[in-house]
Structure formats: C-alpha cells, structure tokens
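For reference, positions follow the sequence shown, starting with 1.
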Amino acid sequence: MSTPRSMTAGARNILRSNDSASLWNYTVAPGWNVNEAEVLRKALMKFGIGNWSKIIESNCLVGKTNAQMNLQTQRMLGQQSTAEFAGLHIDPRVIGQKNSLIQGDHIRRKNGCIVNTGAKLSREEIRRRVAENKDQFELTEEEWTAIELPLPEDPQLLLEAKRAEKIRVELELKNVQRQIAMLRKSGKKIEHSESSESPKTEMDEDEQAEEMLEDQPLGKRARIEV
C-alpha cells in the first residue's frame, strides 16, 4: 500500500488521536462537538465514506442524520465533493491535510472546504479517482476492522436527552426573541415620548407679573414698584 503523497516517506496514511492538531485544523459543523466529530472520523474509517446506514446502525452517533454526517465529513475532508471517496475506508483528516496545502487562484473555499467549480465530473472520471484514492489512501482491512467505536450505555436514553436539550434550546430562543421584541417596543415608546413637545404650564397671576416686571427697563421698574 503506497503512502499518501502529502505525507513524508514512511508515514502511515492515518492520523492518530495524539497527533498534532496543526496537521489539519477544521471547524466542526453546527450541531457537532469535537468528541462527536472524532467518533464520526473513526466511523468513516471503519465503515467507509458515505456509508451512513452502517454508522446509524452502529449507534455510535445517536440522533445524527445523513445530512449532518455528510456536512461534517465535507469539513474533515476539506472539500465539498465526497464522490471520489465513496465507500473507501480512509482517514478523512489525511485528505483534509492534503487539501489544506492546495493553493491557487482557481481554488475556491467555503468554511475551509474546496468548493466545486467547473463542469460536473463524469462517471468514468469519478471511478478513476476512486480507484486512485483507494490505492493511495485506503487503510488495510486489518486496520479498519480493528477500529472500535464508543457506544452509549443506553442509546434510547441518549436520544431522549438530546430531544430534551433541543426543547430547552428552543424555549431559550423563544424567550430571547420575546425579550428583544419587548425592548424594541419599549425603545419606540421612549423615542416617541422624547420627540413630543412638553405641554406648557400656565403661570399664575403673580408669576406673570414678576416676569413682566423683569422685562421692564430699570427706571420704569422703579416707578412700577413704587
């Protein structure tokens, strides 16, 4: 089995859990944490890229959907298209490391992933790339069958906990939205109050007399006061 071109001679085509994080840094997709992403990485190595049904049946990622796993897989691979790795038992972080080194004006990225540009690949081209990637990056059967995935003690309890957490987050969101609406409403009232003119207060006769007296010239004021 040949080694990946992106790695030094003699290096294995698999990143261990204690490897330096600088080898390939990717951001987890929304709804994922680092531990879950690591479980998915091992599951992809064990069952093959895109084999979502096997991953779901294993109960290693309770509550995750096909779409969620596909999105996180893209981030680990560092590219949008996964077709050229379909079914292969590879370490997605190795591909991600390789893709992180690709530069050029023709490269477009989104969330750290190389996005598809140009014409759609033909079936023949996809098959060619799958065969090439299999030769360069796939683990041996001995390696991928030996991978052990963490299992929850009770998948049903974990699923219920995730549902409860979802409900809690939704309630918090509604509460925040309600507070924002109240603040906006309160702000409009204050703005309207400040823009309105204050009503003029009527002065009593003594206050009017004093004001008129203040407006008179000094000599005339003396005569009026006398």
Side-chain angles (χ1 to χ4, degrees), residues 14-102 107-117 133 137 139 144 147-181 183:
I14 178 172
L15 298 179
R16 304 303 181 185
S17 58
N18 59 348
D19 285 337
S20 171
S22 62
L23 290 176
W24 168 230
N25 292 320
Y26 61 89
T27 56
V28 296
W32 290 77
N33 59 44
V34 176
N35 291 335
E36 290 173 333
E38 181 62 18
V39 172
L40 176 61
R41 173 199 167 210
K42 293 180 178 179
L44 293 170
M45 291 157 59
K46 185 174 184 66
F47 298 118
I49 301 294
N51 201 343
W52 314 128
S53 60
K54 288 289 186 181
I55 296 176
I56 291 174
E57 290 172 5
S58 73
N59 285 325
C60 64
L61 288 167
V62 176
K64 295 300 184 185
T65 65
N66 294 3
Q68 289 174 320
M69 289 189 287
N70 183 64
L71 180 59
Q72 181 57 39
T73 299
Q74 289 175 337
R75 295 205 178 197
M76 284 190 285
L77 290 171
Q79 67 181 67
Q80 189 179 55
S81 175
T82 62
E84 62 188 278
F85 305 105
L88 298 183
H89 300 269
I90 62 174
D91 185 341
R93 289 180 61 186
V94 171
I95 308 301
Q97 180 192 4
K98 178 177 73 72
N99 282 331
S100 70
L101 302 177
I102 299 176
I107 299 299
R108 297 290 180 271
R109 299 181 189 274
K110 182 178 180 181
N111 295 323
C113 299
I114 298 175
V115 299
N116 299 332
T117 56
N133 289 326
F137 302 110
L139 309 177
W144 60 259
I147 295 174
E148 295 184 1
L149 299 173
L151 297 176
E153 294 182 3
D154 189 335
Q156 186 60 34
L157 289 178
L158 180 58
L159 182 58
E160 291 175 359
K162 286 183 174 292
R163 287 172 177 169
E165 176 65 13
K166 179 182 177 183
I167 293 174
R168 184 188 66 79
V169 172
E170 289 175 346
L171 290 175
E172 286 186 357
L173 177 60
K174 289 181 180 180
N175 185 44
V176 171
Q177 291 173 333
R178 184 165 53 252
Q179 292 178 3
I180 292 174
L183 288 173

Is the shortest side-chain N to carboxylate O distance from Lys174 to Glu170 below 4.0 Å? no
Might you point out which heavy atoms bring Leu149 and Val39 nearest each other, and give the distance in Å? CD2-O, 4.1 Å
Closest contact, heavy atoms only, Ser81 versus Asn116: CB-OD1, 3.4 Å
Hey, what do you get for CG (Asn133) to CG (Leu88), rounding to the nearest 0.5 Å? 6.5 Å
Leu61 side, atom CG; Gln68 side, atom CD - distance, nearest 0.5 Å: 10.0 Å
Testing the basics here: between Leu44 and Pro92, what is the closest heavy-atom pair and its distance to 0.1 Å? CD1-CG, 4.0 Å
Considering only heavy atoms from C-beta outward, does the side chain of Gln79 approach that of Phe85 to under 4.5 Å? yes
Ile147 to Lys46 - nearest heavy-atom pair and separation: O-NZ, 3.0 Å
Rounded distance [0.5 Å steps], OG in Ser58 versus CD1 in Ile56: 9.0 Å
Are Arg109 and Ile102 close enough, and set up right, to give a side-chain contact (heavy atoms from CB on, under 4.5 Å), and what steps lead you there? CA-CA 11 Å; Arg109 299 181 189 274; Ile102 299 176; 4.2 Å; yes
Name the one of Arg108, Met76, Arg75 that satisfies side chain to side chain contact (heavy atoms under 4.5 Å, CB included) with Cys113? Arg75
Give the intermediate values and the outcome of side-chain contact (heavy atoms from CB on, under 4.5 Å) for residues Ile107 and Val115. CA-CA 8 Å; Ile107 299 299; Val115 299; over 6 Å; no
For atom CD of Glu148, is the number of surrounding heavy atoms from other residues, nucleotides or ligands below 6.0 Å larger than 12? no
When you compare the side chain of Trp32 with that of Leu40, does any pair of heavy atoms fall below 4.5 Å? yes
Just verifying a value: how many Å separate Leu71 CG and Gln80 CD, rounded to the nearest 0.5 Å? 10.0 Å
Search all heavy atoms of Val94 against all heavy atoms of Phe137 and return the closest pair with its distance. CG1-CD2, 4.0 Å
Measure the shortest side-chain to side-chain distance between Asn99 and Ile95 over non-hydrogen atoms and say whether it is less than 4.5 angstrom. yes
Which pair of non-hydrogen atoms, one from Met45 and one from Ile90, has the smallest distance, and what is that distance? CG-O, 3.1 Å
With side chains defined as the heavy atoms from C-beta onward, is the minimum distance between Arg178 and Asn175 less than 4.5 Å? yes
Between Gln72 and Glu36, does the side-chain hydrogen bond (donor to acceptor under 3.5 Å, both in side chains) criterion hold? Intermediate values first, please. CA-CA 10 Å; Gln72 181 57 39; Glu36 290 173 333; over 6 Å; no
Please step through side-chain contact (heavy atoms from CB on, under 4.5 Å) for the pair Ile180 and Gln177, ending with a clear verdict. CA-CA 5 Å; Ile180 292 174; Gln177 291 173 333; 5.6 Å; no
